[in-house]
Number of protein chains: 2
Amino acid sequence: MKKYVPILARTQLFRGVEACQVEAMLHCLDARLCTYQKGEYILRQGDTLDDIVIMVEGSAHIQKDDYWGSRSILGHLEAGDMFGEAYAAPESGPLLNDVVATDNCAAIFFDVRRVITTCSSACVFHALVVQNMFFAICEKNKALVQKLGHMSQRSTKEKLLSYLSEEAKRQGSAAFEIPFNRQQLADFLSVDRSAMSNELCKLRDAGIIRFARNRFELL
Amino acid sequence: MKKYVPILARTQLFRGVEACQVEAMLHCLDARLCTYQKGEYILRQGDTLDDIVIMVEGSAHIQKDDYWGSRSILGHLEAGDMFGEAYAAPESGPLLNDVVATDNCAAIFFDVRRVITTCSSACVFHALVVQNMFFAICEKNKALVQKLGHMSQRSTKEKLLSYLSEEAKRQGSAAFEIPFNRQQLADFLSVDRSAMSNELCKLRDAGIIRFARNRFELL
DNA sequence: ATTCCTTTGTTGTAAAAACAACAGATTTAT
DNA sequence: ATAAATCTGTTGTTTTTACAACAAAGGAAT
């Protein structure tokens, strides 16, 4: 666990907390390290969650499969990202999605009650962590609204452009990589893969985008 | 403003705070009452917001219009509902949506910094309000994920059933009212109104639902 | 290097949704 | 009460998407 302290110290949750302080807080927050093989389920729809999870290695998808086997991908997590904040409230009910490892990966679980309840004395930085968590949820909220913005586009082409241009903006460059292959991107945008692939090529032929594999560029 | 104190006391933000205490906190939170005519903009996309807004009368839609005039409705607010929590974080950027009065309505604005910063002495309940706000954002987060669940359905019929069954569950009854007319429901689900109307009638003819105006029943 | 498996692009067909136009019902305004 | 405006359902047409099947390209494993 110790080796992940530098990564934790750079996360949103521990912003402003020195690495040595993070290490000191681990016990106080009941931190537990878990590792997963690619494809393994980290969390399952319907589970109840009393922890906040921070990915410290590898990556994962937040997704849901319906009865007919069609999948929808809600989001993507990589090292440094947090999951489960929204279930911090008591009686927040079971998870609405699965979290599945897309690589071999490692995650640290923190007891949510210990995170949001400032402890008696030791952790001087605890109040800061509570505030960071608060702001993290605000940001996730905005990210969800943006995803809804993509999903509310009426055509596949518009969905693609909406997503790709936001991603370019987010990554601060017209050339960027996305954490999805074609099928995953289709599941993320809730469209058909082949139709989407078709639209991507039309956009390329129209000189609007360039791409190779999961690397895209807006022109 | 005083007349809305009982309503405020029943909101999520002031849960656990007595009405008389709420009244005492109004000044401390820099509460301001604003009223709007039906159709008026309460907030505009691109605005920066340093307040948390609680609707105390009437109702409003959170929505966005694109350049081609097509509208997408993100959500609905009525008396007691809160808006703007997600912009509580500093540097959270401009609003992504408009908020538009769908009735004559009244809203109270609270200075967000005063809400999330517990003040020196007077307000013994302030810490409770901070926690309530935290949980409110968690809940909104879950609501957004559920909306994404509806939007990620591939067909209009599935979107309708996903939304209607969640609404039935949320309202705790197979018979319930929705805060949208047909055009608004279509804008909420990002589908075409006439096609949706058609699907609704097919569902009715198949004996799956009943409806009249904005009153629905699942069979 | 060869084989196997995965990913991506391409095409044709079937199904669904968007669009447009309109009639009847209901509500609102005068 | 009447007229005007809005809302809802219905239909036919056009456009788009989903689906299915397959070939080509790229990577991984042996």
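Bear in mind that the values here come from a model prediction, so they are computed numbers and not experimental data. We use all heavy atoms of the structure for the numbers below, so side chains are in, but hydrogens, waters and symmetry mates are not. Numbers restart at 1 for each chain; the letters A, B, ... are given by sequence-line order, proteins then strands.
- The aromatic rings of A:Phe109 and A:Tyr36 are tilted relative to each other, their planes meeting at an angle between 30° and 60°.
- B:Arg204 has a side-chain polar atom (N or O) that falls below the 4.0 Å cut-off from OP1 or OP2 of D:dT10.
- Between the side chains of A:Ser190 and A:Ser72, not a single donor N or O lies within less than 3.5 Å of an accepting N or O.
- One can place CD of B:Gln184 at 8 Å from P of D:dT8, the figure rounded to the nearest angstrom.
- As rounded to whole Å, 11 Å separates atom P of D:dG9 from atom CG of B:Leu185.
- Note on B:Phe180: nothing from the nucleic acid sits closer than 4.0 angstrom, heavy atoms only.
- OP1 or OP2 of C:dG9 lies within a sub-4.0 Å distance of a side-chain N or O belonging to A:Arg182.
- The aromatic rings of B:Phe176 and B:Phe216 sit parallel to each other, their planes meeting at less than 30°, with 60° as the upper class boundary.
- When the nucleotides D:dT16, D:dG9, C:dT8 are ranked by their closest atom to the side chain of A:Asn181, C:dT8 comes out on top.
- Here B:Thr156 lies in heavy-atom contact (under 4.0 Å) with sugar-phosphate atoms only.
- Between the CG atom of A:Asn198 and the P atom of D:dC22 there is a distance of 18 Å, given to the nearest Å.
- Considering only side-chain N and O atoms, A:Arg213 lies nowhere under 4.0 angstrom from the phosphate OP1 or OP2 of C:dT7.
- Both the sub-6.0 Å distance and the 45° axial angle are not jointly satisfied by B:Lys159 relative to the ring of B:Phe188.
- Using a 30° and 60° split on the angle between ring planes, B:His150 and B:Tyr163 fall in the perpendicular class, above 60°.
- Base contact: B:Asp192 has a heavy atom under 4.0 Å from a base atom.
- To the nearest angstrom, P of D:dT15 lies 19 Å from CZ of A:Arg154.
- Distance CD (A:Gln183) to P (D:dA18): 12 Å, rounded to an integer number of Å.
- The base of D:dG9 lies close enough to the side chain of B:Arg193 for a donor and an acceptor atom to sit less than 3.5 Å apart.
- Between the C1' atom of C:dA16 and the CG atom of B:Leu200 lies a distance of 16 Å, rounded to the nearest Å.
- The residue B:Ser194 sits close to a base: some heavy atom pair falls under 4.0 Å.
- For the pair B:Phe211 CZ and D:dT8 P, the computed distance is 10 Å after rounding to whole Å.
- Whole-Å rounding puts the B:Met196 CE to C:dA17 P distance at 12 Å.
- When heavy atoms are screened at a 4.0 angstrom cut-off, A:Glu199 is found touching the sugar-phosphate backbone but no base atom.
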